[in-house]
There are 2 protein chains.
Amino acid sequence: MESVLTEAVALLDEAGEQALTFRALAQRLGGGVASIYWYVASKDELLDRATDHVIGAALADLEALPAHEDPIDELRAMAVTLFDAIMERPWLGAYFMRNTDVQGNALRLYEKLGQQTLRLDLTARQRFHAVSAIVGVVVGSAVDLGQEPPQEVLDGAVGRDEFLGRYAQTWRELDPADFPFVHEIVDEFDGHDDIEQFRSALELTLAGLRLQAGA
Amino acid sequence: MESVLTEAVALLDEAGEQALTFRALAQRLGGGVASIYWYVASKDELLDRATDHVIGAALADLEALPAHEDPIDELRAMAVTLFDAIMERPWLGAYFMRNTDVQGNALRLYEKLGQQTLRLDLTARQRFHAVSAIVGVVVGSAVDLGQEPPQEVLDGAVGRDEFLGRYAQTWRELDPADFPFVHEIVDEFDGHDDIEQFRSALELTLAGLRLQAGA
DNA sequence: ACCTGAACACCGTTCAAGT
DNA sequence: ACCTGAACACCGTTCAAGT
């Protein structure tokens with residue numbers, strides 16, 4: 001079981017979601033395709049369990065984090081750690097927290113984030129929404145980040161900067177009268193750092209939360 | 001071409017992403033499978049174009065919106081309208097803004113959102129990040145909302161409330177000492193409204209943005 | 001308890017051929 | 001310019017059968 005998940009994650013990491021087929025996985029495990037069905041009932045369950053497997057590592061990172069006096073500072077540190085852990089695994093976004101019956105680590109991680117909101121002056125509903133919002137920013141940013149490369153970048157035929165630059169170029173050719181905003185931000189877009197984009201979105205959410213909690 | 005996209009969207013709306021196959025689409029169009037390849041080069045391009053097709057309708061909704069004096073109020077109204085438009089189309093989240101060469105409507109929508117940030121006292125980078133964050137909240141929430149039902153709900157065998165309630169029940173059985181946060185929010189989770197969750201995440205982001213802009 | 005080969009019912013995509 | 005049937009190389013899943 002353990003090795004099924006380990007190899008599944010390895011396959012996902014090496015070549016992306018579409019590379020994880022039962023046939024490829026069986027070959028790596030040195031067995032037949034049907035064997036995998038003894039461990040999981042479907043591909044969906046395999047992905048759910050693979051997700052929880054890597055979330056387990058992220059949870060360990062989270063538990064190694066030093067405590068902060070300010071709960072919002074601690075939420076930030078946790079969100080950044082979580083983002084780092086799943087950054088290179090965009091496939092994870094679609095499965096994280098989808099089935100907490102199978103994803104015990106995801107549930108524990110959710111709990112750990114949520115405990116910080118218990119230290120803030122909020123209603124239960126506000127706490128629920130706050131944690132959902134933070135998880136949303138982390139997962140959403142990681143998914144965005146991972147879906148960007150449209151094949152040629154994955155092949156290594158075109159670098160990420162060149163890819164962004166090509167887009168930026170077509171944007172620059174748009175009529176500035178019709179697209180003033182696109183022209184305003186095209187230089188920011190060109191060669192932009194996804195991590196900064198995530199940090200910025202997180203900061204907006206945390207600032208809103210701090211305001212809400214009156215902290 | 002127009003009818004290819006219309007039927008593709010109809011198929012997606014009726015039965016979800018997995019129901020859109022070239023064979024099913026060809027049958028609806030009363031032709032052969034290979035015909036579709038005269039209009040699009042691949043299934044990916046079909047999804048890109050189908051996405052832009054429905055974003056066109058959302059864009060029209062946006063343009064019908066009354067102007068607000070406050071740019072942040074206008075951003076809120078736009079985000080809510082966009083959310084409503086894509087709420088029932090979670091498949092869209094994975095494709096929105098993925099290829100603006102093909103998605104002219106998505107680009108125009110991005111521009112329209114961005115123009116509101118031009119009215120705020122921000123740097124170009126802050127504007128770029130702000131629009132990314134807002135789009136992220138909208139798309140992320142819509143995707144979450146759509147991925148939830150795990151088959152039995154889609155089949156109509158189990159209602160959404162019952163599905164949530166079942167989860168809530170397993171959460172209630174967790175040890176309160178280990179899961180204080182889960183216990184704190186389980187009643188909020190049970191029967192919760194996804195739209196409220198989205199509105200709440202949006203409000204946190206907009207509050208942060210207002211603070212940043214000093215408005 | 002754990003694994004297997006072979007089959008089943010699908011996919012997206014291609015291609016030579018038609019009008 | 002537009003469409004087609006038939007094939008190709010895959011999929012996830014099932015099942016009777018093995019140890």
Side-chain angles (χ1 to χ4, degrees), chain A residues 1-53 90-92 94-95 98-99 102 147 149-155 157, chain B residues 1-53 90-92 94-95 98-99 102 147 149-155 157:
Chain A
M1 180 73 225
E2 180 67 19
S3 66
V4 171
L5 294 183
T6 307
E7 289 305 318
V9 169
L11 219 36
L12 286 162
D13 284 349
E14 282 166 32
E17 189 162 5
Q18 60 166 2
L20 179 65
T21 66
F22 277 54
R23 280 164 179 85
L25 183 55
Q27 200 184 355
R28 264 179 107 105
L29 293 164
V33 235
S35 314
I36 303 164
Y37 282 91
W38 196 85
Y39 297 98
V40 294
S42 68
K43 192 173 181 182
D44 251 31
E45 193 191 317
L46 176 61
L47 264 312
D48 274 335
R49 301 202 110 100
T51 297
D52 205 53
H53 194 252
W91 51 271
L92 194 149
Y95 295 92
R98 210 181 50 152
N99 185 342
V102 151
Q147 82 168 10
Q151 192 144 349
E152 23 184 20
V153 180
L154 261 174
D155 297 345
Chain B
M1 179 73 226
E2 179 68 20
S3 65
V4 171
L5 295 183
T6 307
E7 290 305 318
V9 170
L11 220 36
L12 288 161
D13 284 349
E14 283 166 31
E17 188 160 8
Q18 60 166 1
L20 180 66
T21 66
F22 276 54
R23 281 163 178 88
L25 183 55
Q27 200 184 354
R28 264 179 108 104
L29 293 164
V33 235
S35 314
I36 302 164
Y37 282 91
W38 195 85
Y39 297 98
V40 294
S42 67
K43 191 173 181 182
D44 251 29
E45 193 192 317
L46 176 62
L47 263 312
D48 273 335
R49 300 202 110 100
T51 298
D52 205 53
H53 194 253
W91 51 272
L92 194 150
Y95 295 90
R98 209 181 51 152
N99 184 342
V102 150
Q147 83 169 8
Q151 193 142 349
E152 23 183 19
V153 180
L154 261 175
D155 298 344

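Naming: A, B, ... by sequence-line order, numbering from 1 per chain.
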Which heavy atom in A/Ala24 sits nearest to a heavy atom in A/Ala19, and how many Å separate them? CB-O, 3.9 Å
From A/Arg98 atom CZ to A/Asp52 atom CG, the distance as rounded to the nearest 0.5 Å: 12.5 Å
Residues which pass side chain to side chain contact (heavy atoms under 4.5 Å, CB included) with B/Arg28, listed by chain and number, not counting sequence neighbours: B/Glu7, B/Ala10, B/Leu11, B/Glu14
Members of residues 23-33 of chain A that approach DNA chain C, where some heavy atom sits under 4.0 Å away: A/Arg23, A/Gly31, A/Gly32
Contact boundaries of DNA chain C with chain A (under 4.0 Å, heavy atoms), 5' to 3'? C/dA1 to C/dA7
Enumerate the residues from residues 35-42 of chain B whose closest heavy atom to DNA chain C is under 4.0 Å, giving them by residue number; use none for an empty result. B/Tyr37, B/Ser42
Spacing of A/Tyr39 atom OH and A/Leu5 atom CG [to the nearest 0.5 Å]: 10.5 Å
Please check this pair: side chain of B/Lys43 against backbone of B/Phe22, looking for a donor-acceptor N/O pair closer than 3.5 Å. no
Look at the side chain of B/Ser35 and the backbone N and O of B/Gly31, then say whether any donor-acceptor pair between them is shorter than 3.5 Å. no
Pairwise distance OG(B/Ser3) to CG(B/Leu25) - rounded to 0.5 angstrom: 9.0 Å
Pair B/His53, B/Thr6 - check side-chain contact (heavy atoms from CB on, under 4.5 Å), show working. CA-CA 8 Å; B/His53 194 253; B/Thr6 307; 4.0 Å; yes
What is the distance from atom CG of B/Leu47 to atom CG of B/Asn99, rounded to the nearest 0.5 Å? 12.5 Å
I need the A/Arg49 CZ to A/Glu45 CD distance, nearest 0.5 Å. 4.5 Å
Determine the Euclidean distance between corresponding P atoms of C/dC2 and D/dA17; express it in Å to zero decimal places. 22 Å
Considering non-hydrogen atoms only, spot the tightest contact between A/Ala26 and A/Ile36 and give its length. N-CD1, 4.0 Å
Taking atom CG of B/Leu12 and atom CH2 of B/Trp91, what is their separation to the nearest 0.5 Å? 5.0 Å
Dot-bracket assigned to DNA chain C with the 3.5 Å Watson-Crick/G-U criterion, [ ] for crossing and | for other-strand pairs, is ||.|||||...|||||.||
Judged by each residue's nearest nucleotide on DNA chain C, which is more toward the 5′ side, B/Lys43 or B/Ala34? B/Lys43
With sequence neighbours left out, which residue pairs that include part of residues 15-26 of chain A fulfil the salt bridge (Lys or Arg N to Asp or Glu O under 4.0 Å) condition? none
